[in-house]
Visitor: 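Structure below; questions to follow.
Excluded from the calculations below are hydrogen atoms, water molecules and symmetry mates; all remaining heavy atoms, backbone and side chain alike, are included.
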Amino acid sequence: MAPWALLSPGVLVRTGHTVLTWGITLVLFLHDTALRQWEEQGELFLPLTFLLLVLGSLLLYLAVSLMDPGYVNIQPQEEAKEEQTAMVPQAIALRRCRYCMVLQPLRARHCSECRRCVRRYDHHCPWMENCVGERNHPLFVAYLALQLVVLLWGLYLAWSGLRFFQPWGLWLRSSGLLFVTFLLLSLFSMVAGLLLASHIYLVASNTTTWEFLSSHRIAYLRQRPDNPFDRGLTRNLAHFFCGWPSGPWETLWAGGGGGRG
């Protein structure tokens, strides 16, 4: 068997992301962009800041992609005791996953890619090769915000190095790679911006991507005329980023939203 056949999709995706990130950064430093001009003038603060932001975004990416997104306990008996204790009696029946054979708490879903049930499941991200769930969703939003800052700054830097008033052949040799980098950064910036905007909206309303797209298929949402988990903007944000106020989703669902603040 060839050595590369032993590599998992996750390793390949994360390696590809890392290589692409540093490759684009190298292109911005090697061409005649504002970065290079700052270096030549001895102004190192902005280039170092840009490098630190790139490194920070890469570390956040690896953290989100490698961490446990919030898998449901795979031991059925212990899981049943835990969830039955948290569940409001007669509020809603917990369903048993036909793949994991565990009782799924509210807002959990089985991921066919990870082959596990994930608490407060949002979506499976192919660029991360990991689920976005209860544990890593806040870091995922932070990653999107930092990545967008880096991409927009990189877009400005790439544009600063493009020189259009040259013969075609000379321009292609001197700026062709930089122009391709500019196009890639434009595409990535649009994607990151749209993702960040959509996730901020979902977080503000205490909804997940899965619930937003499939509310008509989810039993605990079909039984309510509105979103039973929405506690108002302030509490939604406080719970998402700080874990406050805490409590099982079953209690909030049975209470009809628990008030707004």
Side-chain angles (χ1 to χ4, degrees), residues 2-4 7-67 123-130 132 136-201 209:
W4 55 82
L7 295 177
S8 67
V11 172
L12 294 176
V13 168
R14 291 166 196 132
T15 301
H17 178 89
T18 303
V19 171
L20 184 62
T21 297
W22 289 120
I24 288 177
T25 303
L26 186 62
V27 169
L28 294 176
F29 270 95
L30 292 180
H31 283 75
D32 188 22
T33 64
L35 276 177
R36 191 167 180 177
Q37 295 169 15
W38 293 330
E39 286 182 277
E40 292 174 351
Q41 295 169 7
E43 300 175 1
L44 300 181
F45 176 75
L46 289 176
L48 287 176
T49 301
F50 180 72
L51 274 179
L52 288 175
L53 289 178
V54 171
L55 179 61
S57 70
L58 186 57
L59 291 177
L60 269 178
Y61 167 83
L62 293 175
V64 175
S65 63
L66 292 173
M67 73 182 296
H123 71 287
H124 182 89
C125 180
W127 190 243
M128 299 276 182
E129 266 303 310
N130 195 16
V132 175
N136 64 352
H137 199 174
L139 276 182
F140 179 74
V141 174
Y143 161 71
L144 288 177
L146 182 57
Q147 184 69 72
L148 183 59
V149 171
V150 172
L151 288 169
L152 291 177
W153 195 352
L155 195 62
Y156 160 75
L157 294 172
W159 180 258
S160 70
L162 292 174
R163 306 290 184 267
F164 294 101
F165 300 102
Q166 293 177 335
W168 170 251
L170 179 60
W171 179 87
L172 192 60
R173 288 193 299 271
S174 63
S175 301
L177 183 58
L178 188 61
F179 183 68
V180 172
T181 300
F182 175 81
L183 294 179
L184 286 175
L185 289 171
S186 300
L187 175 62
F188 295 155
S189 297
M190 288 189 292
V191 173
L194 290 173
L195 282 174
L196 179 61
S198 64
H199 277 275
I200 288 177
Y201 168 78
T209 301

Visitor: Apply ring pair (Phe, Tyr, Trp, His ring centres under 6.0 Å) to H31 and list each qualifying residue two or more places apart in sequence or on a separate chain.
Guide: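 In terms of ring pair (Phe, Tyr, Trp, His ring centres under 6.0 Å), with neighbours along the sequence ignored, H31 is linked to no residue.
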
Visitor: Of the non-hydrogen atoms in N136 and V64, which two are nearest, and what is the gap between them?
Guide: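 Heavy atoms of N136 and V64 come nearest at ND2-O, 3.3 Å.
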
Visitor: Can you tell me how far CG of L60 sits from CG of L139, rounded to the nearest 0.5 angstrom?
Guide: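 Between L139 CG and L60 CG, I get 6.0 Å after rounding to 0.5 Å.
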
Visitor: Restricting to ring pair (Phe, Tyr, Trp, His ring centres under 6.0 Å), what partner residues turn up for H124, sequence neighbours left out?
Guide: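 H124 satisfies ring pair (Phe, Tyr, Trp, His ring centres under 6.0 Å) with no other residue.
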
Visitor: Heavy atoms only: give me the nearest V11-T15 pair and the separation to one decimal.
Guide: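 Where V11 meets T15 most closely, the heavy atoms are O-OG1, 2.7 Å.
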
Visitor: Test side-chain contact (heavy atoms from CB on, under 4.5 Å) on L187 and L183 and set out the steps.
Guide: CA-CA 6 Å; L187 175 62; L183 294 179; over 6 Å; no

Visitor: Name all residues meeting the ring pair (Phe, Tyr, Trp, His ring centres under 6.0 Å) criterion together with W38; count only those two or more places apart in sequence or in a different chain, and write none if there are none.
Guide: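 Checked W38 against ring pair (Phe, Tyr, Trp, His ring centres under 6.0 Å); zero matches.
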
Visitor: Provide the closest heavy-atom pair for L151 versus S189 in the form atom of the first, atom of the second, distance.
Guide: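 Closest approach of L151 to S189, heavy atoms only: CB-OG, 3.3 Å.
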
Visitor: Can you list every pair that meets salt bridge (Lys or Arg N to Asp or Glu O under 4.0 Å) and has a residue in residues 40-57, with sequence neighbours left out?
Guide: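 Applying salt bridge (Lys or Arg N to Asp or Glu O under 4.0 Å) to every pair that reaches into residues 40-57, excluding sequence neighbours, yields R36-E40.
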
Visitor: N130 versus L66: any side-chain heavy-atom pair under 4.5 Å?
Guide: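 Contact flag for N130/L66 side chains = no.
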
Visitor: Is there a side-chain contact between T33 and L178 (heavy atoms, below 4.5 Å)?
Guide: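 Side chain of T33 against side chain of L178, heavy atoms only: contact under 4.5 Å found.
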
Visitor: To the nearest 0.5 angstrom, please state how far the CG atom of L58 sits from the CG atom of L53.
Guide: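 If we round to the nearest 0.5 Å, L58:CG and L53:CG are 12.5 Å apart.
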
Visitor: Please report the shortest heavy-atom distance between G161 and S175, naming the atom on each side.
Guide: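 Shortest heavy-atom separation between G161 and S175 comes out as O-OG, 4.4 Å.
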
Visitor: As an exercise, state the distance from CG of L162 to CG of L157, rounded to the nearest 0.5 Å.
Guide: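 Here the interatomic distance stands at 11.0 Å.
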
Visitor: Could you report the tightest heavy-atom contact between S65 and M128, atom names first, then the distance?
Guide: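 S65 and M128 have their closest heavy atoms at CB-O, 3.3 Å.
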
Visitor: Check side chain to side chain donor-acceptor pair (under 3.5 Å) between W127 and all other residues, then give those that pass, not counting sequence neighbours.
Guide: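 W127: side chain to side chain donor-acceptor pair (under 3.5 Å) contacts with H17.
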
Visitor: Mind checking what makes side chain to side chain contact (heavy atoms under 4.5 Å, CB included) contact with L59, not counting sequence neighbours?
Guide: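 Checked L59 against side chain to side chain contact (heavy atoms under 4.5 Å, CB included); matches are L55.
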
Visitor: Show the atom names and distances, to 0.1 Å, of all donor-acceptor pairs under 3.5 Å that link a side chain in residues 140-148 to residues at least two apart or in another chain.
Guide:
unit_1: Y143; atom_1: OH; unit_2: Q147; atom_2: OE1; d: 3.0

Visitor: Run the salt bridge (charged side-chain N to carboxylate O under 4.0 Å, His left out) test against R14 and tell me which residues pass, sequence neighbours left out.
Guide: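 For R14 there are no salt bridge (charged side-chain N to carboxylate O under 4.0 Å, His left out) partners, ignoring immediate neighbours.
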
Visitor: Test of understanding: with side chain to side chain contact (heavy atoms under 4.5 Å, CB included), list the residues that count as partners of S198, not counting sequence neighbours.
Guide: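 Result, side chain to side chain contact (heavy atoms under 4.5 Å, CB included) vs S198: none returned.
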
Visitor: Side chains of T21 and Y61, heavy atoms from C-beta outward: is any pair under 4.5 Å?
Guide: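 T21 vs Y61: side chains apart.
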
Visitor: Hey, are the side chains of V54 and W153 touching, using non-hydrogen atoms and a 4.5 Å cut-off?
Guide: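 No. Closest side-chain heavy atoms not under 4.5 Å.
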
Visitor: Which pair of heavy atoms, one from T25 and one from F50, lies closest together, and at what distance?
Guide: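 That closest heavy-atom pairing would be CG2-CE2, 4.2 Å.
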
Visitor: Could you measure the distance from the CD atom of E39 to the CG atom of L46? Nearest 0.5 Å is fine.
Guide: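 Interatomic distance, E39 CD to L46 CG, rounded to 0.5 Å: 11.0 Å.
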
Visitor: Going by ring pair (Phe, Tyr, Trp, His ring centres under 6.0 Å), name the residues that satisfy it together with W22, two or more places apart in sequence or in a different chain.
Guide: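 Expected list: none.
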
Visitor: Of all residues at least two apart in sequence or in a different chain, which pass the side chain to side chain contact (heavy atoms under 4.5 Å, CB included) check with T209?
Guide: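 Only D122, H123, H199, L202, L213 meet the side chain to side chain contact (heavy atoms under 4.5 Å, CB included) criterion with T209.
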
Visitor: Taking only residues two or more places apart in sequence, or in another chain, which ones meet L20 in a side chain to side chain contact (heavy atoms under 4.5 Å, CB included)?
Guide: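 Checked L20 against side chain to side chain contact (heavy atoms under 4.5 Å, CB included); matches are I24, F188.
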
